[in-house]
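What you see below is based on every heavy atom in this structure, not just the backbone, and it leaves out hydrogens, waters and symmetry mates. In what follows, chains carry the letters A, B, and so on, assigned in the order in which the sequence lines appear, proteins first and then strands, with residues in each chain numbered from 1.
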Number of protein chains: 2
Amino acid sequence: MRLTAKGRYAVTAMLDLAVHQGEGPISLADISERQGISLSYLEQLFAKLRRNELVKSVRGPGGGYQLSREAGTIYVAEIVDSVDERVDATRCAGRANCHHGRECLTHELWTDLSEQIHQFLNNIDLASIIAKREARERADRQRLQQDDIIRLPAKEVEA
Amino acid sequence: MRLTAKGRYAVTAMLDLAVHQGEGPISLADISERQGISLSYLEQLFAKLRRNELVKSVRGPGGGYQLSREAGTIYVAEIVDSVDERVDATRCAGRANCHHGRECLTHELWTDLSEQIHQFLNNIDLASIIAKREARERADRQRLQQDDIIRLPAKEVEA
DNA sequence: TCAATGTCCTACTAAAAAGGTAGGTTATTA
DNA sequence: TAATAACCTACCTTTTTAGTAGGACATTGA
């Protein structure tokens, strides 16, 4: 599991699509402007996202991209994997200095951990990221209203 | 949160230390041989790990490195952060095209997610990675013994 | 029909990061 | 005092990142 700027761009762009879902196809030019990612770079990323069937495209004027599935069924791990194409492995399998069997121990520990991270990201879908944020904003607004009504000193509200 | 080979090397090396904890200082040469990471590269990584007080060193013959704390109190996120020194930000804060406020939405969604990942890795300590593996191995061994005794067909055991 | 708008595709490139070399100095031990 | 191993700095090669350039193809609407 790698997690670089490339993956971040892809997730950000997919979130952008999710947020504007239902407004018809979204052009990469729009995303480029909104998210500050170069158009050509987005094109390369979306070529991969399309090959992995995470988005579908509409060509021609008024065209653009849409999520190919519901935002609630697209998981972060899929997105990251699509654009990052794990060269990975790096296993000591073919290594000369890894002959005693027990030596591989921590290598395997790492792959175990890596698998945990992957599963974690495989449980976070686009819709829930958006929902989580909206819930937080609602809570923030409510807290502010309470402040207005009860006029608690700021310090107590913090806690 | 970045997650590259660099971070993997660091975590792997730290796991190696954790596994050999109690055997006195472990030299980087040992880790280099066991894990297949170049000595000089390890030196660079451990300079950072030491600055972040995750390991302590003993110089001279018989010297090496040891975890500065119990393996159960060292978390993966700390290790990754130590060596990866997030250039990060990449926030649109100073961006020209990010003026309408609402435009930043997905940027913020990403940082939210990033924070989630960070918290996840901040809850996994070295000892628990090792423990989890040992538990699994015990389970595997027991299953094998059961096979021996009951002689179930392999297919049923799988399920 | 044709110009505009978009995806789609390939090749190239500048800059940064990853990963590794080289060549030391310093502290410690036997 | 020789060997060991941390510690430090500068450099270098390769890979990856992020972006450019230039176009072909599909679709729309004027």
Enumerate the protein-to-nucleotides 1-7 of chain C contacts in which both atoms are nitrogen or oxygen and the separation is below 3.5 Å.
{"unit_1": "dT5(C)", "atom_1": "O2", "unit_2": "Pro61(A)", "atom_2": "N", "d": "3.4"}
{"unit_1": "dT7(C)", "atom_1": "OP1", "unit_2": "Leu28(A)", "atom_2": "N", "d": "2.8"}
{"unit_1": "dT7(C)", "atom_1": "O3'", "unit_2": "Ser57(A)", "atom_2": "OG", "d": "3.4"}
{"unit_1": "dT7(C)", "atom_1": "O2", "unit_2": "Arg59(A)", "atom_2": "NH2", "d": "3.0"}

Quiz item: What does Ala5(A) touch in the nucleic acid at a heavy-atom separation under 4.0 angstrom: a base, only the sugar-phosphate, or nothing?
Solution: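 Here Ala5(A) touches the backbone only, sparing every base.
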
Quiz item: Got a sec, which residues hit salt bridge (Lys or Arg N to Asp or Glu O under 4.0 Å) with Arg50(A), two or more places apart in sequence or on another chain?
Solution: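 Checked Arg50(A) against salt bridge (Lys or Arg N to Asp or Glu O under 4.0 Å); zero matches.
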
Nearest-Å distance, [atom1] ([X]) to [atom2] ([N])?
X	N	atom1	atom2	answer
Leu42(A)	dG19(D)	CG	P	9 Å
Tyr41(A)	dA15(C)	OH	P	17 Å
Leu45(A)	dC9(C)	CG	C1'	15 Å
Arg51(B)	dC7(D)	CZ	C1'	10 Å
Leu3(A)	dA18(C)	CG	P	13 Å
Lys48(B)	dC8(D)	NZ	C1'	14 Å
Tyr9(B)	dG19(C)	OH	C1'	7 Å
Gln35(B)	dG19(C)	CD	P	15 Å

Self-check item: Candidates dA11(C), dA18(C), dA10(D) - which lies nearest the side chain of Gln44(A)
Solution: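 Selected nucleotide (nearest to the side chain): dA11(C).
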
Quiz item: Is it true that atom CD of Glu53(B) has more than 12 heavy atoms of other residues, nucleotides or ligands lying nearer than 6.0 Å?
Solution: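 Counting other residues, nucleotides and ligands, CD of Glu53(B) stays at 12 neighbours or fewer.
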
Quiz item: Which residue pairs satisfy the ring pair (Phe, Tyr, Trp, His ring centres under 6.0 Å) criterion with at least one member in residues 124-144 of chain A, sequence neighbours excluded?
Solution: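 Sorted pair list comes back empty.
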
Quiz item: What pairs of residues pass the side-chain hydrogen bond (donor to acceptor under 3.5 Å, both in side chains) test when at least one of them lies in residues 55-78 of chain A, not counting sequence neighbours?
Solution: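 Matches after skipping sequence neighbours: Arg69(A)-Glu78(A).
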
Exercise. Examine dT16(D): is either OP1 or OP2 under 4.0 Å from a nitrogen or oxygen in the side chain of Thr4(A)? Give yes or no.
Key: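 No, Thr4(A) has no side-chain N/O under 4.0 Å of OP1/OP2 on dT16(D).
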
Self-check item: Set of residues satisfying side-chain hydrogen bond (donor to acceptor under 3.5 Å, both in side chains) with respect to Glu134(A), sequence neighbours excluded
Solution: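 side-chain hydrogen bond (donor to acceptor under 3.5 Å, both in side chains) check on Glu134(A) returns nothing, list empty.
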
Quiz prompt | Pairing residues for Ala77(B) by the side chain to side chain contact (heavy atoms under 4.5 Å, CB included) criterion, not counting sequence neighbours | solution =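 Ala77(B) satisfies side chain to side chain contact (heavy atoms under 4.5 Å, CB included) with His118(B), Leu121(B), Asn122(B) once adjacent residues are dropped.
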
Quiz item: Given the rule that I, L, V, M, F, W and Y join up when any side-chain heavy atoms are under 4.5 Å apart, are Ile129(A) and Phe120(A) in one cluster?
Solution: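 In one cluster: yes.
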
